[in-house]
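Here the structure is laid out as structure tokens; the discussion comes afterwards.
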Amino acid sequence: MADSKNFIEQIIDEELKEGGRVYGKKIHTRFPPEPNGYLHIGHAKALEIDFGTAEEYNGLCNLRMDDTNPTKEDEEFVEAIKEDIHWLGHDWDDRFFYASEYFEKMYEFAIELINKGLAYVCELTPDQMRDMRGDTKTPAVSPYRDRPIEESLDLFKRMRAGEFEDGKMTLRAKIDLASGNFNMRDPVIYRINHLPHHRTGTEWCIYPMYDFAHPIEDALEGITHSLCSLEFESHRPLYDWVVNNISVETKPRQIEFARLGITHTVLSKRKLRAMIEAGIVTGWDDPRMPTLCGLRRRGYTPASIHNFSARNGVAKVNSVVDFAFLEYCLREDLNDHAQRAMAVLKPVKLIIDNYPEGSSEEFDVENNPKDENAGTRKVTFSRELWIESEDFMEEPAPKYFRLFPGNEVRLKSAYVVKCVSCDHDADGNVTAVHCTYDPESRGGNTADGRKIKSTIHWVDANNCVDGEIRLYDRLFTTEQPDLADCNYLDFINPDSLEVIKGAKLEKFLENTQPEDRFQFLRTGYFCADSKDSSPEHLVFNRAVSLKDSYKPE
RNA sequence: UGCCGAAUUGUGUAACGGUAGCACACCGGUCUCUGACACCGUUUGUCAAGGUUCGAAUCCUUGUUCGGCAGCCA
């Protein structure tokens with residue numbers, strides 16, 4: 001009851017019972033990305049299901065590049081994909097494969113099918129084939145269907161030998177031209193493509209189609225459960241047809257699950273690429289991107305993504321999960337583990353009128369109240385500090401209980417101060433806030449026990465470092481920019497990035513390393529940018545803000 | 001309209017013939033040296049109509065709605 005099984009696990013449980021299909025066997029899955037783009041948060045769900053299910057049953061999961069189409073794939077994505085998966089904490093030991101490793105075997109299986117009278121070489125052009133596909137009431141047609149086996153054999157060998165140009169002919173499975181399932185209307189299983197492949201070079205000029213290749217890849221690797229997304233559901237009969245008609249020892253089972261959608265973003269590679277090309281984002285790893293490398297650069301942790309994926313559940317209805325849930329999972333993880341620091345994003349000077357000029361002192365500040373072992377650090381304090389401009393209002397709004405003339409607040413871990421006045425420039429902007437401090441409140445507690453409603457963060461103006469802060473917002477202004485009847489580019493959020501140059505940071509942050517994560521008190525969780533941050537020029541990305549229940553007016 | 005699949009609160013899911021539960025979001029409150037975290041609470045749901053049954057989200061029938069397939073993509 002604690003954690004109920006999803007429908008895939010229920011199926012596996014059944015099959016594992018005595019007499020079941022995989023009784024006594026080790027559960028074996030695979031994650032088969034096509035190396036033509038970067039992994040995104042949607043893949044994290046597939047990773048969770050493929051690797052996670054294997055782990056749960058103490059089984060194995062292979063990583064396999066599904067590289068059967070040389071026009072789309074490239075080696076450049078392979079390493080990035082491996083890195084992202086490792087980053088998430090999954091591993092495949094020595095079971096890393098390319099579908100292209102099986103090209104020779106696939107070819108032999110194709111010959112087997114021809115010999116069994118279950119495949120034939122068809123000379124229809126792509127246009128002709130489409131025209132002869134038929135419709136819901138009319139069966140498809142191929143004039144080459146009853147070609148003698150010997151002839152198909154000869155032609156198929158010559159296809160491989162490179163005698164024919166692209167598109168000239170195909171190898172088709174002989175199944176059912178009248179099937180209501182169009183995937184079964186004698187699907188093409190080999191096409192000619194005179195293009196070098198990123199792995200096999202010019203060795204081949206014919207390439208197997210997914211529907212033929214995938215079940216073979218699974219069968220050859222001893223995969224017991226081939227878990228894939230819903231759009232392959234109507235391909236399952238073909239998957240089964242292939243494994244049942246070729247000579248393989250194990251017959252894997254395909255089970256489909258719903259893809260993950262997420263609000264306020266798009267996940268199609270095409271659309272993500274278009275946003276890069278349009279300059280809306282800076283690249284695949286732009287911190288606003290839903291790619292794994294983008295989320296990583298933004299400050300997301302593997303644990304947060306893992307929890308998100310695991311808690312979304314597995315079903316057969318396509319779902320769109322609220323982005324807020326992903327954010328929740330990040331806060332949850334970082335709240336427990338992130339080092340705290342004080343950083344003033346939009347500074348205004350606070351001058352303590354009754355604090356001795358030129359003097360200074362140190363306070364101990366907790367590194368993480370959620371972690372007893374995190375210890376404390378020293379923070380210096382002097383007459384002039386930086387505070388958040390939002391933490392002062394000359395004329396306070398209702399229910400505002402931070403700094404305003406006459407009000408007391410606590411400076412985190414330091415003193416209680418009382419606001420007395422503020423300075424303005426010629427335009428009326430506040431240039432400095434004046435206050436007095438209560439010397440008896442050293443450390444933050446009042447001597448007379450009076451309650452201080454608000455505690456604000458601060459930075460010593462005489463001992464701090466400057467930094468650049470990048471604040472991010474949703475990429476799209478609407479929950480589902482992906483909906484069919486609209487153009488997603490119309491909903492780009494023009495304010496998805498705000499750059500703050502002159503933030504004032506606690507001194508120790510100057511030693512920050514790329515990808516270090518912090519909670520900046522009261523403003524959110526931040527991550528040192530992996531590309532742009534250096535000790536000379538600190539750059540922090542806000543991964544997610546803290547929740548804020550203060551609502552003006 | 002051929003074939004396949006799916007419908008449980010705003011969102012995502014659980015309940016497998018026996019009290020419709022959980023998480024996020026929302027709203028309200030308690031607590032607080034982070035208006036965070038934590039804790040407590042309110043509101044909101046079984047697509048529809050029939051049927052079987054002592055009892056139906058669950059089984060049956062019909063209907064409705066939504067998604068997928070009809071690339072020499074995966």
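In what follows, chains are A, B, ... by sequence order, proteins preceding strands, each numbered from 1.
A/Arg130 places its CZ atom 16 Å from the P atom of B/C69, with the value rounded to the nearest Å. If you take CE of A/Met184 and C1' of B/G2, they are 15 Å apart, rounded to a whole angstrom. A/Leu260 places its CG atom 16 Å from the C1' atom of B/G67, with the value rounded to the nearest Å. Distance A/Asp211 CG to B/A70 C1': 13 Å, rounded to the nearest Å. Atom CG in A/Leu411 sits about 13 Å away from atom P in B/U34, given to the nearest Å. A straight line from CG of A/Leu238 to C1' of B/C3 spans 14 Å, rounded to a whole angstrom. Taking atom CG on A/Asp482 and atom P on B/G67, their separation rounds to 13 Å, with Å as the unit. A/Asn183 has its CG atom 10 Å from the C1' atom of B/C3, to the nearest Å.
When the C1' atom is used for both B/U52 and B/U62, the distance is 15 Å, rounded to whole Å. Remark: the separation of the C1' atoms in B/U8 and B/A15 is 10 Å, to the nearest Å. Across the C1' atoms, B/A38 and B/G5 are found 43 Å apart, a figure rounded to whole Å. Distance check on atom P: B/U58 versus B/A6 gives 15 Å, rounded to whole Å. B/G29 and B/G67 have their C1' atoms separated by 42 Å, with the value rounded to a whole Å. B/U13 and B/A57 have their C1' atoms separated by 14 Å, with the value rounded to a whole Å.
Taking the six-membered ring where tryptophan is involved, the planes of A/Tyr415 and A/Phe363 are perpendicular, since the angle between them exceeds 60° and thus also 30°. Using cut-offs of 30° and 60° for the angle between ring planes, the A/Phe232 and A/His235 rings count as perpendicular.
Tested against A/Asp186, the residues A/Arg145, A/Arg133, A/Arg172 include a single salt bridge (charged side-chain N to carboxylate O under 4.0 Å, His left out) partner, A/Arg145. In summary, of the residues considered (A/Arg450, A/Lys453, A/Arg402, A/Lys451), a salt bridge (charged side-chain N to carboxylate O under 4.0 Å, His left out) with A/Glu408 occurs for A/Arg450 alone.
Out of B/U32, B/A74, B/C69, the shortest distance to the side chain of A/Ser234 is found at B/C69. For A/Asn181, the side-chain atoms get nearest to B/C3 when compared with the rest of B/A14, B/C3, B/A74. Candidate nucleotides B/A70, B/A74, B/A23 were compared by shortest atom distance to the side chain of A/Glu34, and B/A74 ranks first.
A/Met169 comes within 4.0 angstrom of no nucleic acid atom, judged by non-hydrogen atoms across all strands. Nucleic acid contact for A/Asn445: base, since at least one base atom lies under 4.0 Å from a heavy atom of the residue. Residue-level contact check: A/Ile452 touches neither bases nor backbone, having no heavy atom under 4.0 Å from any strand. Residue-level contact check: A/His235 touches the bases, meaning some heavy atom is under 4.0 Å from a base atom. At a threshold of 4.0 angstrom between heavy atoms, the contacts of A/Phe232 include nucleobase atoms, whether or not backbone atoms are also involved. Looking at heavy-atom distances under 4.0 Å, A/Tyr210 makes contact with a base.
In this structure, A/Arg199 is positioned above the aromatic face of A/Tyr98, its NZ or CZ under 6.0 Å from the six-membered ring centre and within 45° of the axis.
Side-chain atoms of A/Asn244 come within 3.5 Å of backbone N or O of A/Asp240 as a donor-acceptor pair. Within the 3.5 Å criterion, the main-chain N or O of A/Phe491 finds a donor-acceptor partner in the side chain of A/Thr477.
Salt bridge status for A/Glu332 with A/Arg311: present, with a side-chain N to carboxylate O gap under 4.0 Å. Between A/Lys271 and A/Asp482 a salt bridge is recorded (basic side-chain N to carboxylate O distance below 4.0 Å). A salt bridge between A/Arg377 and A/Glu506 is present, with a side-chain N of the basic residue lying under 4.0 Å from a carboxylate O of the acidic one.
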>> Generate the contact string for nucleotides 6-13 of chain B. Rules: B means base contact, S means sugar-phosphate contact only, - means no protein heavy atom under 4.0 Å.
In response: S----SSS
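Both A/Asn193 and A/Asn368 sit near RNA chain B, but only A/Asn368 has its closest nucleotide nearer the 5' end.
By the rule that a glycosidic angle within 90° of 0 means syn, B/G71 counts as syn.
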> Given A/Tyr120 and A/Tyr144, is the ring pair (Phe, Tyr, Trp, His ring centres under 6.0 Å) satisfied, shown in steps?
Replying inline: CA-CA 7 Å; A/Tyr120 60 96; A/Tyr144 303 97; 8.2 Å; no
> For A/Phe103 and A/His197, what are the C-alpha separation, side-chain angles and deciding distance, and is it a ring pair (Phe, Tyr, Trp, His ring centres under 6.0 Å)?
Replying inline: CA-CA 12 Å; A/Phe103 279 172; A/His197 182 278; 5.6 Å; yes
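Residues meeting the ring-ring contact (aromatic ring centres under 6.0 Å, His included) test with A/Phe156, sequence neighbours left out: A/Tyr107, A/Tyr190. Residues satisfying the side-chain hydrogen bond (donor to acceptor under 3.5 Å, both in side chains) test with A/Asp84, not counting sequence neighbours, are none.
The side chain of A/Arg191 contributes an N or O atom lying less than 4.0 Å from OP1 or OP2 of B/A74.
A/Arg474 and A/Thr265 are not linked by any side-chain donor-acceptor pair at a separation below 3.5 angstrom, with hydrogens and angles left out of the test.
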Would you tabulate the nitrogen or oxygen pairs shorter than 3.5 Å linking the protein to nucleotides 35-44 of chain B?
residue: B/G35; atom: OP1; partner: A/Arg522; partner atom: NH1; Å: 2.7
residue: B/G35; atom: O3'; partner: A/Ser549; partner atom: OG; Å: 3.1
residue: B/G35; atom: O2'; partner: A/Asp548; partner atom: OD1; Å: 2.9
residue: B/G35; atom: O2'; partner: A/Ser549; partner atom: N; Å: 3.2
residue: B/G35; atom: N7; partner: A/Arg402; partner atom: NH1; Å: 2.6
residue: B/G35; atom: O6; partner: A/Phe401; partner atom: N; Å: 3.2
residue: B/G35; atom: O6; partner: A/Arg402; partner atom: NH1; Å: 3.4
residue: B/G35; atom: N1; partner: A/Lys399; partner atom: O; Å: 3.0
residue: B/G35; atom: N2; partner: A/Lys399; partner atom: O; Å: 3.4
residue: B/A36; atom: OP1; partner: A/Ser549; partner atom: OG; Å: 2.9
residue: B/C37; atom: O2'; partner: A/Asn335; partner atom: ND2; Å: 2.9
residue: B/C37; atom: O2'; partner: A/Lys370; partner atom: NZ; Å: 2.8
residue: B/C37; atom: O2; partner: A/Lys370; partner atom: NZ; Å: 3.2

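A heavy-atom distance below 4.0 Å to RNA chain B is reached by these residues of residues 131-140 of chain A, ordered by number: A/Arg133, A/Thr136, A/Lys137.
Both key distances under 3.5 Å define a Watson-Crick or G-U pair, and stretches of 3 or more such consecutive pairs in RNA chain B run B:2-7 with B:64-69, B:10-13 with B:21-24, B:27-30 with B:38-41, B:47-51 with B:59-63.
Taking 4.5 Å as the limit, some side-chain heavy atom of A/Thr301 sits within range of a side-chain heavy atom of A/Leu330.
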